[in-house]
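The structure appears below as structure tokens.
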Amino acid sequence: MLVNAKEMLDKARAGKYAVGQFNINNLEWTKAVLLTAQELNSPVILGVSEGAGKYMTGFETVSAMVAAMDKSLGITVPVALHLDHGTYEGCYKCIKAGFTSIMFDGSHFPIEENIAKTTELVNVAHGLGLSIEAEVGAIGGEEDGVIGKGECADPQECKQIAELGVDFLAAGIGNIHGVYPDNWEGLSFETLDAINKTLVESVGEVPLVLHGGTGIPDDQITKAISLGVAKINVNTECQLVFAEATRGYVEAGKDKQGKGFDPRKLLNPGFEAIKAKVKEKMELFGSVGKA
Ligand code: 13P
């Protein structure tokens with residue numbers, strides 16, 4: 001059931017669990033995430049980066065595929081179709097294409113410009129019933145060519161952006177996209193705690209978003225949830241298990257046995273690997289049975 005992400009994340013924040021955002025790249029990815037959410041009775045967010053949207057021939061293709069698949073698979077759990085790290089222009093494209101949720105990533109702009117653009121997009125999104133995520137403090141690592149340093153967000157800037165009425169907020173706490181380097185210092189819980197306290201005292205219990213979910217140790221995930229994180233984004237980890245399972249199939253020569261080259265067979269191990277990874281994350285995040 002396609003919905004915006006506000007209610008599911010408010011419930012997650014109040015219930016002290018997190019909803020996973022799993023980024024999708026193609027039909028197999030989408031089907032794997034939707035079926036797993038349904039099997040586990042969990043709410044879920046399908047994340048689409050601008051690069052992945054382009055790869056799938058545009059946001060309209062993605063939106064039509066997700067809406068049709070949601071219907072044909074008989075998905076009854078809440079599903080949000082969400083733009084990940086959207087540009088200003090990308091947000092408008094997704095609104096037009098029928099997404100139910102957008103993220104405007106203005107973290108690389110000076111705070112005044114981030115505020116101005118976020119204000120406008122909050123009004124437009126809410127006027128049309130979409131939820132909106134904003135970002136303060138760039139997330140480190142590389143995603144679709146955008147390189148961030150892994151900053152820690154300033155709690156006062158988080159307050160300024162949250163006051164604009166964003167439904168959930170991504171705040172950098174030393175997290176980065178992709179695999180964490182060996183010398184990564186871990187999440188800054190001091191920053192997370194300060195942001196959470198500042199928001200609770202001013203705007204209220206805003207669900208916080210943890211990007212770069214790949215490779216964060218389980219105990220840090222659990223602690224982050226206890227400090228207000230209610231949405232966790234995972235992308236690279238699904239790509240890694242998909243690649244590994246596909247390589248295993250090919251290296252075992254299975255594509256050369258019978259009709260093993262059939263894409264429905266060739267892509268199946270990767271599909272199953274994504275399902276298993278999404279299940280593992282939903283169990284860790286505590287969203288199982290919360291639909
Ligand atoms: P990872 O690729 O590190 O899991 O990060 C995903 C993400 O934060 C998408 O916005």
Side-chain angles (χ1 to χ4, degrees), residues 5 9 18-26 29-30 32-33 44-56 59 62 80-87 90-91 94 99 101-108 131-153 166-182 184-188 192 207-218 220-221 224-225 229-244 273-274 276-282 284-285 287:
L9 293 179
V19 177
Q21 172 189 303
F22 300 95
N23 285 43
I24 55 170
N25 291 284
N26 59 17
W29 240 265
T30 313
V33 177
V44 75
I45 298 170
L46 302 177
V48 182
S49 68
E50 300 221 353
K54 199 167 160 196
Y55 173 76
M56 290 184 271
F59 295 128
V62 179
L81 177 58
H82 182 70
L83 171 64
D84 189 29
H85 291 285
T87 58
C91 284
C94 286
F99 276 48
S101 189
I102 51 170
M103 172 186 187
F104 171 59
D105 181 356
S107 62
H108 48 286
S131 50
I132 178 164
E133 171 179 349
E135 177 169 330
V136 181
I139 312 297
E142 185 269 335
E143 193 170 55
D144 282 342
V146 179
I147 302 186
K149 293 191 301 289
E151 296 167 14
C152 280
V166 299
D167 299 295
F168 30 104
L169 184 71
I173 53 167
N175 41 331
I176 60 172
H177 291 123
V179 177
Y180 286 87
D182 291 340
W184 180 54
E185 288 172 10
L187 297 176
S188 169
L192 178 57
L208 298 172
V209 184
L210 183 61
H211 282 248
T214 292
I216 297 178
D218 291 2
Q220 293 192 36
I221 292 281
I225 293 173
V229 164
K231 172 176 181 278
I232 302 175
N233 293 6
V234 179
N235 184 13
T236 307
E237 233 171 304
C238 289
Q239 299 184 3
L240 289 170
V241 294
F242 181 88
E244 194 186 332
I274 295 173
K277 181 54 74 179
V278 171
K279 179 171 190 274
E280 176 194 313
K281 294 295 175 191
M282 286 178 164
L284 173 64
F285 300 165
S287 69

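Quick note: numbers below take in every heavy atom, side chains included, and nothing from hydrogens, waters or symmetry partners. Order of appearance sets the numbers: ligands from 1, and atoms from 1 within every ligand. Heads up: numbering here begins at 1 and tracks the sequence.
Of all atoms in ligand 1, listed by their number and element, those nearer than 4.0 Å to a heavy atom of Thr236 are 1 (P), 2 (O), 3 (O), 4 (O). Near Gly178, the atoms of ligand 1 lying under 4.0 angstrom from a non-hydrogen atom of the residue are 1 (P), 2 (O), 3 (O). Within ligand 1, the atoms closer than 4.0 Å to a non-hydrogen atom of His211 are 8 (O), 10 (O), numbered from 1 in the order shown. The ligand atoms of ligand 1 that sit less than 4.0 angstrom from a heavy atom of Asn235 are 1 (P), 2 (O), 4 (O), 6 (C). Remark: ligand 1 atoms within the under-4.0 Å shell around heavy atoms of Val234 are 4 (O). With ligand atoms numbered from 1 in the order given, ligand 1 contributes 10 (O) to contacts under 4.0 Å with heavy atoms of His85.
Geometrically, ligand 1 and Glu237 share no nitrogen or oxygen pair separated by less than 3.5 Å.
Under the 3.5 Å distance criterion, with hydrogens and angles disregarded, no donor-acceptor pair is assigned to the side chains of Asn235 and Glu237. Residues Glu133 and His82 have side chains that bring a donor and an acceptor to within less than 3.5 angstrom of each other.
At least one donor-acceptor pair under 3.5 Å links the side chain of Asp167 to the backbone N or O of Ile132. Formation of a donor-acceptor pair under 3.5 Å by the Asn233 side chain with backbone atoms of Gly213 is not found in this model. Checked by atom type and distance alone, the side chain of Tyr180 pairs as donor or acceptor with a backbone atom of Gly212 at under 3.5 Å.
Closest heavy-atom approach to atom 1 (P) of ligand 1 among the candidates Thr214, Leu210, Asp105: Thr214.
For the atom pair CG of Asn26 and CZ of Phe242, the computed distance is 6.0 Å after rounding to the nearest 0.5 Å.
Ligand 1 lies within reach of Gly213, whose nearest heavy atom is under 4.0 Å from it.
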